Every structure is written in structure tokens, then in C-alpha cells.
**Student:** 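Once you've had a glance at the structure underneath, I'll fire off some questions.
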Number of protein chains: 2
Amino acid sequence: MTTTSLDRQVETRLSGQGVRYTKGRRAVVAALSHADGPKSAAELHDDLGDGVPLSSLYRSLTVLEESGVVALHHGTKGLTRYEIAEWIAGHHHHLVCTECGLVEDVEISADDEIRLRSVIDQVSTTASFSPSDHSLEIEGRCMRCA
Amino acid sequence: MTTTSLDRQVETRLSGQGVRYTKGRRAVVAALSHADGPKSAAELHDDLGDGVPLSSLYRSLTVLEESGVVALHHGTKGLTRYEIAEWIAGHHHHLVCTECGLVEDVEISADDEIRLRSVIDQVSTTASFSPSDHSLEIEGRCMRCA
DNA sequence: TTCCTTGCAAACGATTTGCATTGGA
DNA sequence: TCCAATGCAAATCGTTTGCAAGGAA
């Protein structure tokens with residue numbers, strides 16, 4: 001099992017919270033880090049091979065989410081998808097295919113991001129809402145389904 | 001049962017597809033039209049009183065969604081929430097409370113909307129994605145939970 | 001040893017479906 | 001009459017949990 005710089009970041013975060021970075025959790029983080037968008041538990045289960053039972057997978061995901069290493073995304077068909085948290089993977093937005101359910105990460109320019117933030121701040125102030133995060137969800141058809 | 005202009009729009013749309021606008025479906029549309037954001041089946045079930053069984057409610061929602069009268073929103077805790085489609089209710093975005101799960105509709109200015117679209121077009125072109133809809137999902141704490 | 005993690009199976013909660021009944025055109 | 005809509009109960013599906021076994025500190 002190779003230790004990447006990602007592993008080191010995660011390890012540090014987890015140990016700071018007294019949480020172990022076990023083999024199963026490493027496998028989940030590795031699988032997510034290779035993905036080009038958030039993945040469902042079922043997709044991860046496939047990726048990881050049949051050795052990892054779904055219940056353990058869900059438990060790993062729960063721990064990683066509570067530790068802030070993994071973030072949740074709720075999408076097509078009510079499925080929960082999981083991705084590496086933005087403080088590690090970087091801030092991004094989502095392209096969601098309404099046909100096949102694929103969710104792909106995309107980044108927008110720093111300028112556009114700044115403009116987006118000002119829109120968010122304005123709208124939030126008006127609504128007495130305290131924003132902590134945001135995501136532009138763009139629905140449509142992906143390359144394969146178009 | 002009063003017939004509103006909303007009812008007329010829905011009626012026209014449904015009959016154009018050979019779909020009946022029944023009492024149950026009217027009730028669902030009415031309940032959604034009074035909401036300030038997307039509502040889950042359970043919330044609608046409460047709103048509608050105990051007379052409407054959940055299975056019928058889900059069936060109404062399915063029909064209305066397939067007819068394009070109602071749109072789906074996937075949010076907190078993997079719950080599916082339902083709202084009046086944008087061609088009727090108008091284009092808007094969402095404030096999502098990470099604490100209590102409340103989802104509130106918000107609009108942004110026409111100028112900001114135009115800027116948003118140009119960002120979306122640019123990102124979509126780069127990714128060979130055909131955008132059909134978008135929503136800015138702003139997460140944070142609502143007025144009550146802050 | 002002691003506590004955390006894992007596996008398996010059973011339990012859950014949201015949503016869907018089969019089937020018999022009701023209702024509208 | 002005839003097909004669509006409804007109600008109820010049972011089935012599904014994603015996800016969670018109880019409990020006993022395995023592993024690390």
C-alpha cells in the first residue's frame with residue numbers, strides 16, 4: 001500500500017481527531033481520489049472489488065464524512081454520492097447528466113468564482129442566511145448521452 | 001375547489017398530454033404552490049391531511065413530474081423534494097440549511113443570471129456538455145438555525 | 001487487555017408496485 | 001362501458017444497526 005501526499009493530509013486530519021486511518025478507509029479515499037466526480041456507495045463497491053462489504057463501506061464513508069475528509073452530494077434518483085472534501089480536492093462545481101446520472105466535477109475561473117461569491121453574499125444577506133458553501137449544479141446531457 | 005390561473009396552466013399542459021387533472025393532483029399542485037421551497041413527500045403528506053395515502057401522493061407526484069408540472073430536487077438526508085416546475089413558478093435558486101434541511105427558493109437579479117449563464121456556457125462547452133438547466137445551491141444555516 | 005473496526009444478517013425508512021375497487025369520460 | 005386513478009398491503013432498494021469476531025495500541 002503506497003502512501004501518497006493525499007494519504008498524509010488525511011492521516012494528519014484523522015489522527016488529530018483520534019480517528020484511525022485503516023486499510024478500509026485508505027481504500028475508500030484512494031478510490032474517491034481517482035474519480036472524476038462524486039461516486040455512490042454502489043459505484044465504490046464495484047471499484048473496490050467484492051472484498052469490501054457494503055456495510056463496512058458505508059461505515060468508512062460515515063467516519064470519513066464526520067472527519068471532514070469526504071463530502072456528500074445528493075443527486076439523481078435520490079442517491080447519495082461521496083467525494084473528497086474541497087479543502088483537499090479543491091473547490092469545484094458539478095455537471096449532472098439527467099440521462100445517465102453521471103456527475104462530473106468542473107472548475108470555473110477565479111474571476112467567475114469571485115463574482116459568484118458576491119451574488120451569494122447578496123442573496124444570503126437579503127434572506128438572513130449564513131452561507132458556508134455553494135455549488136453550481138449544471139444539469140443537462142453528458143458527452144455520451146447527448 | 002377553486003380554479004386558479006395556476007390550475008389553468010397545469011390543466012392545459014396535462015390535457016395536451018392526455019393526462020387527467022384529478023382531485024388528488026390538484027391538491028398536490030395547490031400544496032406545492034403555497035410552499036416557499038421544495039417539499040418532501042412526507043411534508044406534503046402532512047400538509048394534505050391524512051386523507052391522502054402516501055402511495056397515491058407518490059403516484060400523483062410521479063405523473064406531475066413526467067408531465068413537466070413538477071420538478072425534483074435531491075437534498076439533505078437523501079430526501080427527494082418536489083416543487084412547481086420553473087416554467088410555471090419562475091427560475092430560482094436554493095438556500096439549503098445544513099442544520100434542519102430546510103430548502104428555500106431565492107431569485108437573483110437578471111444581470112447576475114446572465115453572468116451565470118455565460119459561465120455555464122463556457123464551462124459546458126469545454127466539457128462537451130449540453131446544459132438544459134442549472135441551480136445555484138447555497139448551503140449554510142437558515143435564519144432559525146444560525 | 002481494552003477499545004476500535006469489521007462482517008454478517010437483520011432492521012429501517014423512503015419509495016414503488018400488484019391487485020382489486022372506484023370514478024370519470 | 002372502458003380505461004385511468006386510487007387505496008391498501010406487500011415488496012424494493014439504499015442505507016443503518018446489533019452483535020460477535022478480529023486487530024491494533
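All values reported here derive from a predicted model rather than from experimental measurement. Order of the sequence lines sets the chain letters (A, B, ...), proteins ahead of strands, with each chain counted from 1.
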**Student:** If I take atom CG in residue A/Leu57 and atom C1' in nucleotide C/dT5, what distance separates them, rounded to the nearest angstrom?
**Tutor:** 14 Å
**Student:** Just the rounded figure in Å: distance from P of C/dT16 to CG of B/Leu79.
**Tutor:** 12 Å
**Student:** Can you confirm whether the side chains of A/Glu137 and A/His73 place a donor and an acceptor under 3.5 Å from each other?
**Tutor:** yes
**Student:** So, does the side chain of A/Arg81 form a donor-acceptor pair with the base of D/dG14 at under 3.5 Å?
**Tutor:** no
**Student:** Taking the basic N atoms (NZ, or NE/NH1/NH2) and the acidic carboxylate oxygens, is any pair closer than 4.0 Å for A/Glu99 and A/Arg144?
**Tutor:** no
**Student:** Is atom CZ of A/Arg13 surrounded by more than 12 heavy atoms (other residues, nucleotides or ligands) closer than 6.0 Å?
**Tutor:** yes
**Student:** Students often get this wrong, so: under 4.0 angstrom with heavy atoms, is A/Thr80 touching a base, only sugar-phosphate, or nothing?
**Tutor:** sugar-phosphate
**Student:** To the nearest Å, how far apart are B/Lys39 NZ and C/dA14 P?
**Tutor:** 16 Å
**Student:** Search all heavy atoms of A/His91 against all heavy atoms of A/Asp133 and return the closest pair with its distance.
**Tutor:** CE1-OD1, 4.5 Å
**Student:** Over how many whole Å does the gap from B/Tyr82 atom OH to C/dT15 atom C1' extend?
**Tutor:** 7 Å
**Student:** Taking atom P of D/dA11 as reference, at what distance in whole Å does atom OH of B/Tyr58 sit?
**Tutor:** 19 Å
**Student:** From NE2 of A/His73 over to P of D/dG14, roughly how many Å is that when rounded to an integer?
**Tutor:** 18 Å
**Student:** Under 4.0 Å between a side-chain N/O of A/Arg25 and OP1 or OP2 of C/dT5, yes or no?
**Tutor:** yes
**Student:** Which of these nucleotides, C/dC4, C/dG7, C/dG23, is closest to any side-chain atom of B/Arg20?
**Tutor:** C/dG23
**Student:** With distance as the sole criterion, is a donor-acceptor pair present between the side chains of B/Glu104 and B/His92 under 3.5 Å?
**Tutor:** no
**Student:** Please determine whether a side-chain nitrogen or oxygen atom of B/Ser55 lies at a distance below 4.0 Å from atom OP1 or OP2 of D/dA9.
**Tutor:** no
**Student:** Tell me the interatomic distance from B/Leu61, atom CG, to C/dT15, atom P, rounded to whole angstroms.
**Tutor:** 9 Å
**Student:** Within the modelled atom types, does a donor on one side and an acceptor on the other bring the side chain of A/Arg59 and the base of D/dG18 under 3.5 Å apart?
**Tutor:** yes
**Student:** Starting at CD of A/Glu66 and ending at C1' of D/dT16, how long is that distance when rounded to a whole Å?
**Tutor:** 13 Å
**Student:** If you pin B/Leu54 and A/Pro53 to their nearest nucleotides in DNA chain C, which one's is more 5'?
**Tutor:** A/Pro53
**Student:** Is A/Thr22 near enough to C/dT6 that one of its side-chain N or O atoms lies under 4.0 angstrom from OP1 or OP2?
**Tutor:** yes
